[in-house]
Each structure stands twice: as structure tokens, then as C-alpha cells.
Amino acid sequence: MVRLMASKVRLFVDQPLGKGQSVLLNREQAHYLFGVMRLTLGAVLSLINGNDGEWDAEIVKTGKKAGVLICRAQTRPLQMPPDLWLLFAPIRKERTAFIVEKAVEMGTARICPVQTAYTQNADRLRVDKLRAHAVEAAEQCGGTFVPPLDDLAKLDRVVADWPADRQLMFCDEALLGAPLTLPALPGPWAVLIGPEGGFSDAERAQLRALPFAHPVSLGPRILRADTAAVAALTLWQQALGDWA
Ligand code: SAM
């Protein structure tokens, strides 16, 4: 007999979670739970808030525009990803959303959109929508942590303020086909992925001169930026992260 997993609804709430803690639902959350998912009084769903782990919460009040849940028990503690940042140059909207979604699923501690010389349409970046994508990805993939997503910043500003102890995996398309050499250095890291147009020669020279930057190849073929982000995160996680 196939036992269907009870696929519990998972919801991110921006409120503290704890035993007996009541959680007030806003109009959108009430509509989703009671209108779309058709949950009723007494039903139990999973809540996360990015800090307190995952909690079973019971519906104790329903309504068209509001509702109340009570936290009954913690089902999973907060599970932090490795201290890995993803720096990426925004690309087309839906593909940028894909990068953010994969960064959450694959385990990153911070997501930093960076503007580089060849970044297109940087002014159209909707960070609020990307933050919503990050929350949705955490809800769907079973994560308990939602990485903060920074506002767009210029790459040279980001590297000028670089934390002394953090290494940078600089995915450099000019190293096409070179063997992948990622130094097995412990501690905090970051991955940097360029835009569709790649890095300028000046950026490449500036990055390669940085003591904490490690230029790496992602194989013998040019990858789309979104593919490169997934490839780089996979390589890092397998070599230095929590997949090994
Ligand atoms: N327009 C560039 C070109 O044709 O050389 C390609 C840029 S690629 C679409 C976007 C980003 O993905 C690059 O800036 C780099 O960070 C990464 N990338 C793609 N393929 C790569 C490879 N084989 N090695 C290292 N990085 C790569």
C-alpha cells in the first residue's frame, strides 16, 4: 500500500514562533489558507520564520480577511546553511528569479545582486519580488532559513568593503576549459557570477588582483549565468559545504 506523505502546507510568517505562541494571519495568508488550500478549524500546518525553526501550528480562528494559529510543537530546529554568499549580476527577470530560488534551495547564507560593467537593465531589478521568491523557495524546499537578499550594489563597492576572512570563488569565463581548482580553505566564502555579457577586462584584472579572490573555471563550455550559478554552488557545496 502506498502511504501518501501528508503534505502539510508550509507558510513563512514574519512573527516569533514558540510553544503556545499565537500567530495572526494577514488577509493574503488567510485567503491562501482558507480560500485556496481550503483548510479549516483544527487543521495543522507548518510555520517557519527564518529564525525559530519549523513549528506545527493549529488553526484556531478562520475568516475572510484574517485568522489565528497557535504553535503546538517544534518539528525541526533552525538549520543554517554554510556561511556562503552568492554574488550575481542580474540577468533577465525570470532567470534572475531562478538564480534566487536555486540559491535558497542549494544553501546560501546571503544573496547579493551586484552591478557590473556589462549588467543589463539593472534599474529594473525588483528586489522586493526577489525576496518573495526567496521566501517561497524556502517554503517549498523544506528550508527553515531564508537568506537575506541585499539591494543591488556596484561590484567594486562590494569588493572594496570585503570582509577580511571571506574567500571569493570568482567564476571567470576567461578560464574556459582550465581545470577546476578550488582551494580547500575553510571559513566563509562567496561565489561570484557575471552577467550575460561576462566580465570586462578591467573587472577581470581588478578581481584577479584581489588576495581573497580565486578565479575558477566552470568547465570547457560557456554556461548561461543561471546555469553557472547552479554549477558553482554545486561545486562549492560538494568541496567545502554541507553536501560533502
Ligand atoms: N558573454 C560571456 C562570454 O561569452 O564569454 C559569457 C558570460 S556567461 C553567460 C555569465 C557568467 O557565467 C560568467 O561571467 C561567469 O561568471 C559564468 N560562467 C559561464 N561559463 C563559465 C565557465 N566555463 N567558466 C567560468 N565561469 C563561467
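Read the numbers this way: they start at 1 and go in the same order the structure lists the ligands and their atoms.
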task: Mind running side-chain contact (heavy atoms from CB on, under 4.5 Å) on Arg72 and Trp55 for me, showing each step along the way?
output: CA-CA 7 Å; Arg72 294 297 184 214; Trp55 284 78; over 6 Å; no
- prompt: Stepwise, does the side-chain contact (heavy atoms from CB on, under 4.5 Å) test hold for Arg10 with Glu54?
  reply: CA-CA 9 Å; Arg10 287 185 101 241; Glu54 181 187 78; 2.8 Å; yes
query: Do the side chains of Asp172 and Leu218 get nearer than 4.5 Å, heavy atoms only?
result: no
query: Which pair of non-hydrogen atoms, one from Thr144 and one from Ile48, has the smallest distance, and what is that distance?
result: CA-CG2, 4.2 Å
When you pair each N or O of ligand 1 with protein N or O atoms, which pairs come out under 3.5 Å?
from, atom 1, to, atom 2, distance (Å)
ligand 1, 1 (N), Glu196, O, 2.7
ligand 1, 14 (O), Glu173, OE1, 2.8
ligand 1, 14 (O), Gly194, N, 3.4
ligand 1, 16 (O), Cys171, O, 2.7
ligand 1, 16 (O), Gly194, N, 3.0
ligand 1, 20 (N), Leu223, N, 2.9
ligand 1, 23 (N), Gly219, O, 3.2
ligand 1, 23 (N), Arg221, O, 2.9
ligand 1, 24 (N), Leu218, N, 2.8

task: If the plane angle is over 60° it's perpendicular, under 30° parallel, otherwise tilted; pick one for Trp162 and Phe212.
output: parallel
- request: Return the minimal non-hydrogen interatomic distance between Ala103 and Thr108, and the atom names on each side.
  value: O-OG1, 2.9 Å
